[in-house]
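So the structure is just underneath, and the comments pick up after that.
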Amino acid sequence: MPLEGPARIVSELTSRGYNAEREAVTRISSADDPDALLESILTELPDDALVVRTDHVDAALEASSSSGGPAASEGNEHPSTSTGKPSHVTDLSDVPSPVETKECSQEQTRSTDLERRSIEIDGDMTGSSTGTGEYEDFVSVFRDRLERLGSSLRSRINHRPATAIESMSGGSEVGMVGLVNDIRSTASGHWLIELEDATGTFPWLVMKDREYADLVGELLRDEVLAMEGTLSDDAGIAFVDSMHFPDVPRTHDPSTADRHVQAALISDVHVGSEEFMADAWNDFARWLHTEQAQHVEYLLLAGDMVEGVGVYPNQDDELDIVDIYDQYEAFNEYLKAVPGDIEIVMIPGNHDAVRLAEPQPGFTDDLREIMSAHDPQIVSNPSTVTLEGVSVLMYHGVSLDEVIAELPEEKASYDEPHKAMYHLLKKRHVAPQFGGHTRLAPEERDYLIIDDVPDIFHTGHVHKLGFGKYHNVLAINSGCWQAQTDFQKSVNIDPDAGYAPIVDLDTLEVTVQKFA
Ligand code: D5M
Ligand code: FE
Ligand code: ZN
């Protein structure tokens, strides 16, 4: 890697518990005697400082020139700093407390156009959960889903409520907007789909030789769609002529940033697991300090920060850190290795210490406090974060297991996770099917609906890297930082670990950096 100089400086700083601005690192590494300069900076650094900034470098340079001697002469007395060895940031002993770091990180600046940065959050339901777990809440969340997802469909077809269709005569042309209640194959190989709306249910038959038969394989229970067709002679069933999905319009024209700026989209760090890849993470963090990464100003983290406890049976056997709070403390240390002037936004996943049912609120205050060193924005799963005009729908991705299990291999597989994401975009819902892997928290409002078409859809969870475009929306599943677990070995999941997909926010192009 062409990072020798800056990478070594960063490594040295991290091993001593310091973070640094990229410009400061560049200046130190290009000094005549970087090691000596570094030592004099650290000597001069205020006790409470955790981030080495350019003004610290300037002050050290000035002090050495006004004292008449080169900084190098002081530095030589110090132990060598040029080991070049990767440092680990797990050593909690020499790193000051998170709270101090938080104050400090707020002062930092990255070298470039700070004032051009912007982050807006939409759909963060942290603190606004209304669910009581009662049956009525399920009724209201599904009613909200039908109402909101159905509204665009209702303007596209001539529709009738289920009860009105029941009283129409045989042979009539009909249309209905509803939730998929049931999908069954008939003895003769056709498909019977029961649609439900606020008034009742009605059965729709897809004949196996119709072009729409192939779409039946994509359907999930509880998704909202519209069907048009013809009533049978006895008016007891409708033969499907067409199906319509909420979908993303093909004409969707994504927004882009008006300068060259990048975001790293990652997930599934799994700190606390024996398989967490600390070296890969540290390499990634070091790379972020280099010139090659100078345009990376945002880091999005789509859940599973830590391994958690009791998430899966026998998970304890593979825990490196057994206490959940200790796991977050360690995760916080790993976050500190990321340059302080990169903006971080994160959502929880199924391994994190929040309720499993979705939407998942963005952590309680005690955990936020533990993770505060880098001052990340922590929002609910899912949430939409808009970076300089580019909207990114962040969702951890538990429903992808379901999409992959239910759909035929060629439509969704672990090898091409982005294609599974396409189906969620088509259904305009991040977790349509209720009652399987994905747990749904009953709320007054369905927070899992994809109301506005995002420019980027970012998920994780399945530990596979994959990206592609669906109707101009960039879908990225971001891999993980955890090597293969025993469970994954037993079911043949070969994770893509140690990759960081980097998105150009001005062009929505993706490059992938590998650190393992
Ligand atoms: O899950 C990572 C991937 O592995 C995701 O596709 C689920 C699957 N997985 C991992 N462990 C299990 C167990 N024990 N049962 C079922 N599925 C599993 P993550 O939740 O991010 O670890
Ligand atoms: Fe995970
Ligand atoms: Zn997960």
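Side chains are part of it too, since the values below use all heavy atoms of this structure and drop only hydrogens, waters and symmetry mates. Just so you know, ligand 1 is whichever comes first in the structure, and atom 1 is the first atom listed for that ligand.
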So which of Asn314, Ile493, Asn350, Val462 gets nearest to atom 8 (C) of ligand 1, if we judge by its closest heavy atom? Ile493

Could you tell me, atom by atom, which parts of ligand 1 come under 4.0 Å of a heavy atom of Asp268? 21 (O)

Counting heavy atoms only, which part of His270 comes closer than 4.0 Å to ligand 1: side chain, backbone, both or neither? side chain

With respect to His396, determine whether any N or O atom, backbone or side chain, lies less than 3.5 Å from an N or O atom of ligand 1. no

Please confirm if an N, O or S atom belonging to Asp268, backbone or side chain, lies less than 2.8 Å from the Zn ion (ligand 3). no

Should you measure from each heavy atom of Tyr414, which atoms of ligand 1 turn up under 4.0 Å away? 6 (O)

Atom name of the N, O or S atom in His461 that lies nearest to the Zn ion (ligand 3): ND1

Part of Thr485 within contact of ligand 1 (heavy atoms, under 4.0 Å): neither

Under 30°, 30 to 60°, or over 60°: which ring-plane class applies to Trp287 and Phe284, parallel, tilted or perpendicular? parallel

Nearest heavy-atom contact between Asp323 and Asp326 is OD1-N, 2.9 Å

Set out, in order, the CA-CA distance, both residues' side-chain angles and the distance that settles ring pair (Phe, Tyr, Trp, His ring centres under 6.0 Å) for Phe457 and His418, then state yes or no. CA-CA 9 Å; Phe457 182 25; His418 50 290; over 10 Å; no

Closest approach of any protein heavy atom to atom 12 (C) of ligand 1, naming residue and atom: Phe487 CE2, 2.9 Å

Which of the listed options, Lys464, His461, Gln482, holds the heavy atom that is closest to atom 5 (C) of ligand 1? His461

Can an N, O or S atom be found in His396 less than 2.8 Å away from the Zn ion (ligand 3)? yes

In ligand 1, the atoms that come under 4.0 Å of a heavy atom of His351 are 19 (P), 20 (O), 21 (O), 22 (O)

Non-hydrogen side-chain atoms of Asp214 and Lys411 separated by less than 4.5 Å: yes

Return the name of the atom in Asp304, of element N, O or S, nearest to the Fe ion (ligand 2). OD2

So which N/O/S atom does Asp268 have closest to the Fe ion (ligand 2)? OD1

Of the backbone and side-chain N, O or S atoms of Asn350, does one lie nearer to the Zn ion (ligand 3) than 2.8 Å? yes

Cation-pi, Tyr414 ring and Lys464 (6.0 angstrom, 45 degrees): no

